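Encoded as structure tokens, the structure appears first; notes follow it.
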Amino acid sequence: MAYYYSEPSRTFNEYLLIPGYSSKECMVSNVSLKTPITKFKKGEDPAITMNIPMVSAIMQSVSDDKMAVALAKEGGIAFIYGSQSVESQAAMVRRAKLTKAGFVKSDTNIRPDQTLRDLLEIKERTGHSTTAVTEDGTPEGKMVGLVTSRDYRVSRMDLDTKVSEFMTPFDKLIYAKTGCTLSEANDIIWDHKLNSLPIVDENQRLTHFVFRKDYDSHKRNPNELLDHEKRYIVGAGINTRDAEQRVPALIEAGVDILCIDSSEGFSEWQLDTLKYVKEMFGDDVKVGAGNVVDGEGFRYLAEAGADFIKIGIGGGSICITREQKGIGRGQASAVQSVARERNKYFEETGIYIPICSDGGLVYDYHMTLALAMGADFLMLGRYFARFDEAPGQKIHMNGTYVKEYWGEGSARARNWQRYDMGGDSKLSFEEGVDSYVPYAGKLSDNVRQSLQKVKSTMCNCGVLTIPELQKNAKMTLVSATSIVEGGAHDVIKKDTSTGNR
């Protein structure tokens with residue numbers, strides 16, 4: 001006979017947090033949202049800790065290299081979508097890793113015997129105006145000069161002019177030697193009013209650049225998430241079909257963390273993929289798995305070697321898996337169930353495996369609820385798809401702006417690997433829709449406002465960290481009538497859109 005859960009499948013909308021005692025220390029400025037994303041042993045530190053509990057969904061309409069940089073600046077991680085060629089995804093990872101804070105590997109280089117025409121083509125491809133001139137045109141070649149937009153005027157020069165004729169030669173450049181600190185490099189930039197500072201070794205070979213704009217960026221983004229080389233932390237999605245080709249390419253491109261992108265993770269396909277990654281590359285390569293909705297699924301992936309485990313089936317705003325297949329679970333119930341098993345596993349083994357709530361987040365306060373229920377971090381799709389940094393096109397529709405947002409299971413994405421159960425290499429039926437979401441502007445403005453709400457709620461609960469929230473939170477189920485009571489009611493709201501105030 002089938003097993004029946006005694007409790008109904010619940011969503012975040014059915015819960016409210018109960019305030020706790022707040023001391024004078026409970027101020028928003030004192031709240032820390034740092035959270036682990038990779039598993040660790042009791043008493044040790046995780047390999048990767050995020051400064052905010054947010055990652056972006058592994059979707060064509062959400063996570064590319066632009067999103068990766070924007071989210072890393074805020075302290076989170078984007079998982080660049082895998083429903084593209086291996087080469088294209090690796091190139092996105094590489095571009096995001098090259099856009100690092102501090103010491104930057106040069107990706108815009110030219111030989112002195114090349115022409116202005118060549119320079120303009122390189123500039124068009126990379127979008128960067130500062131070009132290193134090296135003997136062999138490589139990023140690590142012997143530096144012989146530098147070209148910026150101040151060194152030439154296209155309207156007054158022959159396109160066949162050699163770079164050597166208009167570049168600033170090396171002996172007239174201000175540069176620093178390998179080994180100088182970022183602080184020392186920035187001091188040189190400010191003292192000499194430079195926009196960029198080349199870093200060269202004892203053989204005059206170019207190693208890095210330091211840019212003035214990166215100093216300004218760091219001051220504006222104190223939470224930015226960086227690796228040991230001051231590059232942004234970047235994630236990428238993989239599937240269970242071509243991992244043997246995709247994973248090595250992503251590692252070579254510099255990816256920091258991987259995640260198996262699948263609609264349902266309680267499968268032997270994920271076991272095989274995790275086994276391959278760990279046997280081939282060891283524990284230095286971090287890979288998450290999922291999605292699951294109960295403790296049994298968590299335990300399976302934990303024992304298979306997952307570094308974090310993702311929760312959620314059918315709860316995404318563009319996901320129609322539950323309609324199509326009748327499978328899934330309310331996200332609140334799923335998070336609670338998996339969190340209980342995660343805690344039990346930690347008590348038994350001394351290994352803490354972070355869990356990620358993926359889907360079902362409609363309002364900002366749902367983020368706080370998910371964290372209180374045990375999630376260590378959140379994966380969001382619709383939320384990030386609304387921003388300038390998302391790949392979807394911005395469209396003017398019915399007097400307002402919207403952005404395109406489509407699911408990986410839609411006919412547009414046709415990401416059959418995500419729904420693969422070992423059958424034909426195609427999408428048999430749709431499990432996602434093609435849609436629009438209201439345009440919301442810059443990522444940084446929205447993320448900071450959302451997290452301000454999370455921090456404020458945590459202060460109301462009398463806690464200053466996510467672990468404290470998970471330990472001390474008190475929650476109550478709400479009735480349909482109390483949901484009505486929670487919003488504006490029994491009043492005539494002013495129409496502020498017409499200026500009637």
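Bear in mind that the values here come from a model prediction, so they are computed numbers and not experimental data.
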Any side-chain heavy atom of Tyr81 within less than 4.5 Å of one from Gln89? no
Can you find a pair of side-chain heavy atoms, one from Pro198 and one from Val210, that are under 4.5 Å apart? no
So that I can tick it off, tell me whether Asp107 and Arg95 are bridged by a salt bridge, with the cut-off set at under 4.0 angstrom between side-chain N and carboxylate O. no
Return the minimal non-hydrogen interatomic distance between Pro391 and Gln60, and the atom names on each side. CG-O, 3.3 Å
Charged N-O contact under 4.0 Å between Glu341 and Arg299: yes
Gln331 and Ser357 side chains, donor-acceptor separation under 3.5 Å: yes
Distance-only side-chain donor-acceptor flag, Asp118 / Thr115, under 3.5 Å: yes
Ring centres of Phe387 and Tyr439 under 6.0 Å apart? no
Salt-bridge criterion met for Arg246 and Asp242 (N-O under 4.0 Å): yes
Could you tell me whether Lys394 atom NZ has more than 12 heavy atoms of other residues or ligands within 6.0 Å of it? yes
Does the separation of the ring centres of Tyr345 and Tyr352 fall below 6.0 angstrom? no
Within the distance-only criterion (no hydrogens, no angle test), does the side chain of Thr38 pair as donor or acceptor with the backbone N or O of Ala47 below 3.5 angstrom? yes
Consider only side-chain N and O atoms of Asp358 and Asn291, and report whether a donor and an acceptor are under 3.5 Å apart. yes
Regarding Tyr383 and Ser450, do their side chains bring together a donor and an acceptor under 3.5 Å, going by distance alone? yes
Any salt bridge linking Lys97 with Asp256? Criterion: basic side-chain nitrogen under 4.0 Å from a carboxylate oxygen. yes
Looking at Met54 and Met367, what are the two nearest heavy atoms and their distance? CE-CE, 4.2 Å
What pair of heavy atoms forms the shortest contact from Ala375 to Gln470, and how long is it? O-NE2, 3.0 Å
Qualifying residue, where the test is side-chain contact (heavy atoms from CB on, under 4.5 Å) with Met458 and the options are Asn30, Leu33, Val28, Leu371: Leu33
Determine the interplanar angle of the Phe266 and Tyr300 rings, folded into 0 to 90°, and report it as parallel if under 30°, tilted if 30 to 60°, perpendicular if over 60°. tilted
Do NZ/NE/NH1/NH2 and the carboxylate oxygens of Arg94 and Glu252 come within less than 4.0 Å? yes
Tell me whether the count of non-hydrogen atoms from other residues, nucleotides or ligands lying under 6.0 Å of NZ in Lys442 goes above 12. no
Basic-acidic side-chain contact under 4.0 Å: Glu74, Arg448: yes
Is any NZ, NE, NH1 or NH2 atom of the basic residue among Asp113 and Arg111 found under 4.0 Å from an Asp or Glu carboxylate oxygen of the other? yes
Using the rule side-chain contact (heavy atoms from CB on, under 4.5 Å), only one of Asn195, Ile189, Thr130 pairs with Phe211; which is it? Thr130
Less than 3.5 Å apart, any donor N or O on the side chain of Thr108 or Thr131 sitting next to an acceptor on the other? no
With a sphere of 6.0 Å drawn around CD of Glu268, does it hold more than 12 non-hydrogen atoms of other residues, nucleotides or ligands? no
Check whether the side chains of Thr168 and Asp151 place a donor and an acceptor atom closer than 3.5 Å, and report yes or no. yes
